[in-house]
Structures are given as structure tokens and as C-alpha cells.
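Chain A is the first sequence line, chain B the second, and so forth, proteins listed ahead of strands; every chain is numbered from 1.
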Number of protein chains: 2
Amino acid sequence: MSIPTGNRPNRQPRVTILDVAAKAGVHVSTASRALNPKAEHRISGKMVRKIELIAEQLGYSPNPLATSLRTQRTGTVGLVVPNLSDPLFAPIIAAAQERVAEDDFVTFVASSDYKPEKLLSIIEIMSRRHVAGLMVASFDIKDPAADLCLKLGIPTVAVLRDPRHAELSSVTMDDEKGVRALVEHVLDLGHRRIAYITAPLAASTAHNRLAGFMAGTKLAKAAHCQFDVIEADAYHVEEGERIMKRLIADGMRWTAFLCFNDLLAVGALVALKAAGIACPDEISVTGVNDLPFMGLLSPPLTSLHNAGRKIGSQGAELLLDLIENGHAPTRHVLFSSHVVVRGSTGPAPSRPVQDRDRSAKAARRQPAVRARPRPP
Amino acid sequence: MSIPTGNRPNRQPRVTILDVAAKAGVHVSTASRALNPKAEHRISGKMVRKIELIAEQLGYSPNPLATSLRTQRTGTVGLVVPNLSDPLFAPIIAAAQERVAEDDFVTFVASSDYKPEKLLSIIEIMSRRHVAGLMVASFDIKDPAADLCLKLGIPTVAVLRDPRHAELSSVTMDDEKGVRALVEHVLDLGHRRIAYITAPLAASTAHNRLAGFMAGTKLAKAAHCQFDVIEADAYHVEEGERIMKRLIADGMRWTAFLCFNDLLAVGALVALKAAGIACPDEISVTGVNDLPFMGLLSPPLTSLHNAGRKIGSQGAELLLDLIENGHAPTRHVLFSSHVVVRGSTGPAPSRPVQDRDRSAKAARRQPAVRARPRPP
DNA sequence: CTTTTGTGCGCAAAGGATTGCCCTTGACTC
DNA sequence: GAGTCAAGGGCAATCCTTTGCGCACAAAAG
């Protein structure tokens, strides 16, 4: 039920510590202590050397399963992301994996597929397997999964998304400040009709970026600014494309689009190109994360640079710390992100797209969420 | 030494099978058998239901460590790639992980960093941990690491790169045919001076793609074709950029560049753009793998589509098969790849770049490898 | 010379499950 | 009524290490 079947193949019989002890003519406990640096009961120096030599000769290496069973330590950590192939998460995994490997931990990796119940089951599975710690990149705000980690007593670090749990350390980007800077950027370019495409607000990232957008709207000095928020249901290119297509059909009222992430932005670009709307001449678009290749698109995407590798390694660092000192104080590491200005943002056009002949037909349905315009 | 330290935190005491047995008033062996579907000694139906109920009530779940120690089965598989964040490998990992998770395996993931000795150490570590099987994407041809897997008796499947070991199953792309098709493509476009940038030939992919290129050269009907091979030292964008810069400085003699992979091709595009050389008007460029976003670059990259996810899931499939039936016959699955024609390839220009005034200065150093031109 | 103090190592009990073998019963056959 | 048989469970070994405790012996202290 828990451990799948599978015939063990013809492994050669492993050499155990009994073999070493036998050959050395000592008791296993002596061998164990000799091979264990932190042996409290000390063994004489020459005996240690003798046993080490014999262990070497015999090619002995301790069976981690037995060790783990005895010590309740497995030397494993779990890494969980919502999507393994997303270019945003892969570097986080990679960097974390490298860092923990330095301390001789091996990593279980799993993908929650953006499904809360799957995350719960992953955590349970990993807990059963006695992971020493967990680094999770897919917590929602007040996620029950976070409670579960704490209840199970697993040292846990949240990365990228902060469940905002009082007892859970986190490593995140300063999304709020970042998106605010993006708003500032397009305001500086003269844009006054600005839309923000948010992701589902369960994630703290979505929350913070929206907050950043709202904060940015307060910066607007001009009298007739229009700010709107549109909610996406997913995180991928196709969703961005779908949304932008709909907006174009509905009559485009904005000159600048800030997107929750690069994937949505790329989708928006695709839709704009298909509709023959020029970016940035008619509409400016921005993303978040600055994924690889974003600078090479046409137009190159203005984005917020988020350093995935730094998040991963810092998350691992915190986690190792937590594993070592059972009750380290909760910490929240915040990396600042900076706007990378590229070709997808430009000066605001004199007239928005909807005034052009081409798109006059569509009825103007309201977007999903409508932010209140903020007078200066 | 093998298992890192780390204080186990305040986990609540786990409920063991003894607790279940005690509460049921039976022996642990009875409880074990009742909870184990494949129990040979059968337990009466009502007893099974009783014990299952009690186990449920107590929240019992077997300790995989103890089970593994006893049965020598761990329910884990190892996934090894050369680089976790490479957009080529991440989907392979993701798909494989999904597939084996269906069969209740959890996955150790590690990155060999393109270092043979690191691969060896990863395999040893995973072997010690009793992985049920290994899926490796970073074997070189005749890799000692492949021998090690066999020697250790670990069911192993090679993906993407085939070590060409008689006893090792593999799942790969038909690189040879693919690259030949690319050559065909640029020949059709009228190109007669064609360079191929190969990767280090230790990898079977490099080998096969070069073979595909060489095979392609035989297709050339025109009298004065020039084919050259240039060897890259790495796989990333920067290397492609470096190489192309050097070639430009040396005086560009080619009108079409086939690159070992997309990353090198993207680097080449970057260098060309920096030098003010137009692609595809002056030079055509192709890649391999068709990574995400390649169709959105400027120019969009003509590439060979390789389905990473299919490789990953098929590799997992083979591996699970191998784990189940200790001695399944060796299999080699070959996925065909197809050319995706995009904007980075176009009709051959009338004159190659070097005849233009701008680049006449540089001495013409020979490229790293010079293939013998093939007369038609 | 006896009594303390270590030092160096052995003994055996965990840790939590699986499994070969044996024992007890009740049913069934002759 | 004695003998056969199979079903249902119990016993204890086993997987491999780690570790609390105890023992012996030698050196140091009285």
C-alpha cells in the first residue's frame, strides 16, 4: 500500500558492519563507534584506524535504512513546487538541491500541480518518509498544508509564496514594491489607462502584486487615470492569450497591461500580435519574474527580475538551519526585485486602441474585477 | 558521514503496528498480514476488517523505513539530469515524476552538472539508499557510470542520451534523422556554405546529430558546397554567443548555421544581432529541442521539436517495467523529431557576409574541426 | 596494598515492520 | 471414533545500526 512492489534484483550481498566487526575481531558496537566520529564512548586511536582500514578494504558503507530506522534521521529533505517544468520553479529546485547536497542531504522532489489536496497528500507522504525538512513553493495564504507541516513537526520553509503563518519562515520576493515600481514605470511613460492582470488571490504573490498595483495607483498625479484589475484563472501562456483576446474583442480601453507573470504577458503579446496591435506603440505590456529568453522576444519583455536561484539557495539555507536547531526563530527573508525595462513598454500612445476603427464593434462587458479609480 | 545530523523535532510518537495489534488483541504478525493485501497466509475476512478499522481509528500508517529495511524495497526511484534548470530537462523530470508517482514511488532528484565523476557519486549515493531504479539523462557513450549501475544491479533506463550499452534500455530522440532533415531544409533554401556547431562528442546526442549533419551533406547535389563543423565546449547561450562572435571576427564564410541545440542557437542569434548581421536575410540559424518561447524570439527560431515530456514518461514506463520484472529485455525507444520551420531560416543570400566591407579585417583562423567537403 | 577513577570495549535492547515455520482448531472422511 | 486436512494465527528470527549500561583492567590516589 505504501511501498510499491518490485522484485529486488540480483544485488550482490551488501557488506554490513557485522562483517567489519568480525574481520576486526571486535563487537559490532565497537565497530560502529569507531566508524562514527561523534562516538561518545571513545575507542582507542589504533582500534579506530584498524577498523577504518578494514571497512575500507571490505568496501563497507552503512545502510542508511537501518541507520534511519534507529536514529529517526533520514538525511532527506522534500522540495515541493506547483509545477516542475515551469522555468520559474526549476531554478529554485536546482539551487536548493545543490545547497542541501552540500550537507549530504538528498532530495525528494514533488509537484503539487497547483492542487491544494495534492499538496496535502505530498506532505503526508514525505512525513511518513521522515524527511528532515520541507521546502514548499506552493503554499496558499493560510494554507491548511502549512498547519499540517507544523502539526507533523516537520521543519518547513516557505519559498516564493508566504502562507503568512506566524511560525513559518519564508523566503520571498518583494513583489509589492516591485509591481509598484512597474506602475511607476508606465506612469512615467505617460500611460493613464492601465490594467493589471492578477492571478487567483489565494497565493500571497498574487495578493502582494495586487497590493503593489493598488499602491502604484495612488502615485498617479494626473486627474483622469483609469486603473482596472482583471483576474486570470491560471498561470500559463494560453491563459494570457485567452484573456487578451477577450479584452480585444470587448474593445480595448487600456494602453498599458501589467501582468501577474511573464507567462501571462507572453500570452498577451501573442494575442496582440495576432490582432495586429503593435506593442509597445499601441499597448505596453509587462511581466514579472524575468524568465530566461524574455529579453529576446519581440518585443523584448519589460519585467521584474526575480532571482529564482537565490530564493532556492536561501530557502535551503534557512531550512538547514531549522533542521539543525530545532527551534530557530521564524525568519522572513525578502529579496528585492528590480524592473528590467525592455522593448515591450514605451510612451503612451495619443489615443487608445478602441478609438481606432478596427475594434468598434464589440459590446463593452465589464472585466472581472473593477478597481475604484483613485483621484490624486 | 552518510546521514547528516539534525535534531529530530518534537514529533508526536508514531503509532506502530504493535499498537494496532494490541488494540485488536492479536499478534503483530496477524495485524501485518491483515493489513497486507498480498498476505499468503490468509486471515479471516472479519479479522481483516476489524484490524483495518482499528488501524484507521488509530491513524496507523506503516513506517516505510522499517518496511524498507525488512523487505529491501524502498519505493523510491532516482532521477538524474545534467542540469535541473535547463528547460530541456525539467519537463523530463516532471513527466517521469508524475508517472512513477502513479505507482506510489517517490523520486530522488539530482543533478550531475555535466560532470562524470559527480554522476558516479550520485549513483553510489542512490544505490546506498536502495533506489528501486534509476532514470539517467546524462550518460556519455560507454559511460563507466552505466557500468556501475549494472554492477550494482540497479534497474536503469537511459533517457535522451544513450550510453549504447548492450544491457541498458534507452529512450531517445531520432537526432540523426532530425538533423539530416534540418540540413535538407537549408539546402532546399539554397544554402551552400553550411556550418554545424556540435557539442562535445562524449554524448550520444552530439554524436548522432553530427552523424545526421554528415548524412545531410551527402544530399547536396550542388558542386561547390562547403560544410564545416565547429565544436562547442558547453551547452549554454553564452557559449553560442562566444563562438559566433569569434566566427564573425574571423570573417564569416557561411550562410547557414545549424546548432547542436537551441541555447547555442539563441547565443548565435544574440551575437549576430550585436554585430548587425541580419537573420535570416544574411545568415540562417537553426537549433534543436524547440524549447518554450523559441517560436516567440525575433527571429523565431527554426528548430527540431523534441518532446521532453514524452521522453520522461516513456522512460519512467520502461523503468517501472524493469523494476517489476527483474529481467525485462533491453529496449530502445526512439521518438521521431520534426523540423519546425520558423523565421530564423530563409533563402540563401547571394553573397555571404564576409564579402561585405564590414568584416574584412580578421585573419581567417581555422575552426576547431574541419569536415572534409563532400563533392556531390 | 586497597580504593578510586578512568579508559576501552562488549552485551543486548531498541527501532518497526515482514515472513518462514509451527501450532491449534474445527470440519470432514472413512 | 480415529485420522486427515486446511484454515487461521502465533512465535521468533531477521533486516542493520545505534546506544545506554555494565564490566574488566590498568593507572592513579590514598
Quick one: sort the A:Y114 and A:F89 rings into parallel, tilted or perpendicular, breaks at 30° and 60°.
-> perpendicular
Nearest-angstrom distance from the residue atom CZ of B:R129 to P of D:dC15 | 21 Å
Side chains of A:V171 and A:M135: does their closest heavy-atom pair fall under 4.5 Å?
-> no
For the residue pair B:S170 and B:T172, confirm or rule out a side-chain donor-acceptor distance under 3.5 Å.
-> no
Flag side-chain contact, heavy atom, 4.5 Å: A:L160 against A:L88 = yes
Between B:L69 and B:S44, name the one whose nearest nucleotide on DNA chain D is closer to the 5' end.
-> B:S44
Between C:dG15 atom P and B:D19 atom CG, what is the distance in whole Å?
-> 11 Å
Report yes if some heavy atom in the side chain of B:V28 is under 4.5 Å from a heavy atom in the side chain of B:T16; otherwise report no.
-> no
Please state how far atom CD1 in A:I51 lies from atom C1' in D:dT17, giving the value in whole angstrom units.
-> 14 Å
Does A:S68 have a side-chain nitrogen or oxygen under 4.0 Å from the phosphate oxygens OP1 or OP2 of D:dT17?
-> no
Classify the side chain of B:R33 versus the base of C:dG20 as yes if they form a donor-acceptor pair under 3.5 Å and no if they do not.
-> yes
Choosing from C:dT19, D:dC16, D:dG9, which nucleotide comes nearest the side chain of B:I43?
-> D:dG9
Examine C:dA17: is either OP1 or OP2 under 4.0 Å from a nitrogen or oxygen in the side chain of B:T16? Give yes or no.
-> yes
Between CG of B:L65 and C1' of C:dG16 the distance, given in whole Å, is 9 Å
Nucleotide D:dC15, atom C1' - distance to CG of B:N63 in whole Å = 13 Å
With side chains defined as the heavy atoms from C-beta onward, is the minimum distance between A:T76 and B:R129 less than 4.5 Å?
-> yes
Donor-acceptor contacts, no H, no angles, side chain residues 310-320 of chain B, under 3.5 Å, sequence neighbours left out:
from: B:S313; atom 1: OG; to: B:R309; atom 2: O; distance (Å): 3.1
from: B:S313; atom 1: OG; to: B:K310; atom 2: O; distance (Å): 3.3
from: B:E317; atom 1: OE1; to: B:R99; atom 2: NE; distance (Å): 2.7
from: B:E317; atom 1: OE2; to: B:R99; atom 2: NH2; distance (Å): 3.1

Select base, sugar-phosphate, or nothing to describe what A:L18 touches, counting heavy atoms under 4.0 Å on all strands.
-> base
Has B:Y60 got a side-chain N or O lying under 4.0 Å from the OP1 or OP2 atom of C:dG16?
-> no
Value in whole Å for how far the P atom of D:dT14 lies from CD1 of A:I17 | 19 Å
Could you check how far CZ of A:R128 sits from P of C:dA17, rounded to whole Å?
-> 12 Å
Starting at atom CG of B:N36, determine the distance to atom C1' of C:dG16, rounded to an integer number of angstrom.
-> 14 Å
Below 3.5 Å between N/O atoms, which protein atoms pair up with nucleotides 12-14 of chain C? Just atom names and distances, please.
from: C:dA14; atom 1: N3; to: A:R70; atom 2: NH1; distance (Å): 3.3

